[in-house]
Every structure is written in structure tokens, then in C-alpha cells.
Number of protein chains: 2
Amino acid sequence: MCNSHKHECECHSGQMRRFIQPCMLLLLYEKPTHGYELMEKLRDFGFENGNPDPGAVYRNLRKMEEEGLVESKWETEGTGPAKRLYSVTPEGLDILHSWSVNIRNNIKRLEYFLERYEKNFND
Amino acid sequence: MCNSHKHECECHSGQMRRFIQPCMLLLLYEKPTHGYELMEKLRDFGFENGNPDPGAVYRNLRKMEEEGLVESKWETEGTGPAKRLYSVTPEGLDILHSWSVNIRNNIKRLEYFLERYEKNFND
DNA sequence: TATGTATATATGTTTTTAACATATAAGGAG
DNA sequence: CTCCTTATATGTTAAAAACATATATACATA
């Protein structure tokens, strides 16, 4: 991701704060599912250095459930250990929509940065 | 920024982590200056809710100086209290360049999210 | 039967960032 | 002298990310 060699990537990921949340909401809107599968699908969104931290996934699910953004029920059918099946609530959908506005604004912000950056280095 | 009314903006700013750093480096590259002026110029980059936190600005300057990304000297000339004039070092410039790559990647990531979001809601 | 691996959820701990608040001081205006 | 602007700095708290570990089911295979 980061191409600094002298400084061991001092810019870290520069990832958007809490970006995992809208990704999880969107995935759950597309198809209600459980944490483990969600974790794998999150790689689509660039949480790919290894897998996204299971701790982050499960804790976010619980937190969003507390906040009423998702709801869950135990799925004991099928093989393997029981799964907790999550789906998005109407409140969660509202939040997902507001995230999309927010993300759009953030893209503009980052593009402003790049334009200004390029004025200095690519002309 | 966030348009959720029921939830007091649960998506918060969703700002890019540590985004203030590349902005400061870019501004200092454009023109070496001191913290207070930097603070005002940062509004260009969307740190606009009031002013960007002075604490953030000054602490980041000190931290970047420790890391060798910027350097400073006291400016006692002129009116008002003394200013600490900062400028970017070659190392800081390297980091700025790696940030630009990182930011470009993050825009792609956010755009991927939006495309996928729109497939669900704008078709 | 013991061992390992994949699936699945959960929590503990530490570090890093962000947010909010406050302290200090120079110098000019009134 | 008091207030405002400019200027830098630090203290405290809260939130988020990063890293580590614990637990349990079920299946494969040696």
C-alpha cells in the first residue's frame, strides 16, 4: 500500500475511520449472513492484509446490534458451529445511506488534495 | 456533513485517518510557515468545523519534527509573539509522495464502495 | 483415538488517534 | 489597565485500531 522504504510506512494505512461499518452494512443488505462469511467478503473492499481482524468484525456487529442497526438470530442448522445470522434494520439502512453521502464528500476532499499535490509535482 | 437525523451522525466524520499530516506537509512544501497560519490554511482541505484543533496542529508539527519530516527555527522578527517557522525535509517529501499514492488507492477503494452501493440503490 | 485443520464466535490488552479543554504569553487598540 | 488577536503548548478523556488469545464444533486422517 504505502511505498516508503526509509520510514517503514509512516503514513500507515491512512484508511478511512470506521470504514468497516458501511462495508458491513452494505454486505448485510445484499445478503444477510454471519460474521465469518462477512469477514471473507470484506476483502472485496480492500481489507486484505491477511484477513480483516475478526475482533473488529465481531465487535462491530455487536455494537451495531446494540445501536439497532442490525439484528441477529442463531442459526443452528447445517454443519459446523452455530452461526449468528445478521441482517440490516431500517435504521441501519438509514445509516448506510448517510455513509454514502459522507463517503462521496470524502472522495471530493481527497481529490482536492491530489489536484493540489499535482500542481506542485506533476506540471 | 452527515445527514442522519435519528442517530446524531453515527457515522461521525468518517475522515481519513491522519489526513492532517499530508495536508500539513503539502502546505509546508508550498510555503514554509508557522503553526497558526497553517491552521488557517488547513481549512482549504476541509478541516472547517470551526478551525482545525490547534492541539492537533501543534502536536503533529512536533511529532513530525521528531521523526525528521519537518524542521523549524524561531522567527522573532516582526510583530506579535515569536513564531516557529517550519519547513519540509527531504524525508518529509518522501512521506508526502507516499501519502499521495496511498490517497490515490483510498479514492479507488471508496469509489468501489460507491459503485457497489449504487448497484443496490440507484438502478 | 489422538492430532490437525477449517469453521465460527468472542473477549482481553495495548497503542494510537481524535476530541475537548485549558494554560501561557506577546503586543496592539481603546 | 483591560480586551482582543496572534501564537504556541500541554493535559485529559474518549474512541478506534491493532494485536493477541480463548473457546467450541465438526470433519479428515494418521
Side-chain angles (χ1 to χ4, degrees), chain A residues 1-2 8-24 32-42 45-67 70 72-86 106, chain B residues 1-2 8-24 32-42 45-67 70 72-86 106:
Chain A
M1 276 282 190
C2 178
E8 294 167 327
C9 196
E10 284 186 57
C11 59
H12 299 283
S13 71
Q15 248 184 67
M16 195 184 193
R17 268 186 102 187
R18 297 185 62 194
F19 183 53
I20 201 173
Q21 191 183 86
C23 294
M24 287 170 71
T33 187
H34 58 280
Y36 194 84
E37 197 184 12
L38 212 47
M39 219 169 67
E40 297 183 328
K41 289 187 172 179
L42 279 167
F45 294 93
F47 296 91
E48 77 246 283
N49 3 338
N51 277 11
D53 183 5
V57 172
Y58 290 107
R59 261 195 278 250
N60 269 285
L61 283 169
R62 296 304 209 90
K63 195 175 169 243
M64 290 196 285
E65 191 165 26
E66 269 179 49
E67 290 167 351
V70 299
S72 72
K73 59 184 178 198
W74 282 103
E75 166 73 67
T76 49
E77 314 279 302
T79 181
K83 310 167 219 277
R84 205 188 269 277
L85 272 178
Y86 284 90
N106 269 280
Chain B
M1 275 283 191
C2 179
E8 294 166 326
C9 196
E10 284 186 57
C11 58
H12 300 282
S13 71
Q15 247 184 70
M16 195 184 192
R17 273 185 96 187
R18 298 186 60 193
F19 184 53
I20 201 174
Q21 189 182 89
C23 295
M24 287 170 71
T33 186
H34 59 280
Y36 194 83
E37 196 183 11
L38 212 46
M39 218 169 65
E40 297 182 329
K41 289 187 173 179
L42 278 167
F45 293 94
F47 297 90
E48 77 246 283
N49 2 338
N51 277 11
D53 184 6
V57 173
Y58 290 107
R59 261 196 278 250
N60 268 286
L61 283 170
R62 294 307 209 91
K63 196 176 168 244
M64 288 196 287
E65 191 165 26
E66 268 179 49
E67 291 167 350
V70 299
S72 70
K73 58 183 178 200
W74 282 104
E75 166 73 67
T76 48
E77 313 281 301
T79 180
K83 311 166 218 278
R84 203 190 271 277
L85 272 179
Y86 284 90
N106 269 280

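Just so it is clear, the values below take in all heavy atoms, side chains as well, and ignore hydrogens, waters and symmetry mates. The chains referred to below are lettered A, B, ... by the order of the sequence lines, with proteins before strands, and numbering in each begins at 1.
- Rounded to whole Å, atom P of dT17(C) lies 18 Å from atom CZ of Arg18(A).
- Under a 4.0 Å N-O distance rule, the pair Glu67(B)/Lys63(B) qualifies as a salt bridge.
- For the pair Asn60(B) CG and dA18(C) C1', the computed distance is 10 Å after rounding to whole Å.
- Applying the side chain to side chain donor-acceptor pair (under 3.5 Å) rule to Glu75(A) yields no partners; only residues at least two apart in sequence or on another chain are considered.
- Rounding to whole angstrom units, CZ of residue Phe47(A) and C1' of dA16(D) are separated by 13 Å.
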With sugar-phosphate taken as primed atoms, P, OP1 and OP2 and all else as base, the protein-contact string of nucleotides 2-10 of chain D at under 4.0 Å (heavy atoms; B, S, -) is ----BBBBB
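- Glu37(A) is linked by a salt bridge (charged side-chain N to carboxylate O under 4.0 Å, His left out) to Lys31(A), counting only residues two or more places apart in sequence or in another chain.
- Rounded to an integer number of Å, the gap from CE of Met16(B) to C1' of dA16(D) is 16 Å.
- Gln15(A) has its CD atom 13 Å from the P atom of dA18(C), to the nearest Å.
- Lys63(B) has no side-chain polar atom (N or O) that falls below the 4.0 Å cut-off from OP1 or OP2 of dT16(C).
- Summarising the geometry, atom CZ belonging to Arg17(B) is positioned 8.0 Å from atom CZ belonging to Arg17(A); distances are rounded to the nearest 0.5 Å.
- Here Arg17(B) does not reach the OP1 or OP2 of dT17(C): none of its side-chain N or O atoms lies under 4.0 Å away.
- How far CD1 of Ile20(B) is from CZ of Arg18(B): 11.0 Å, rounded to the nearest 0.5 Å.
- Ring orientation note: the planes of Phe47(A) and Phe19(A) are close to parallel, at an angle under 30° on the 30°/60° scale.
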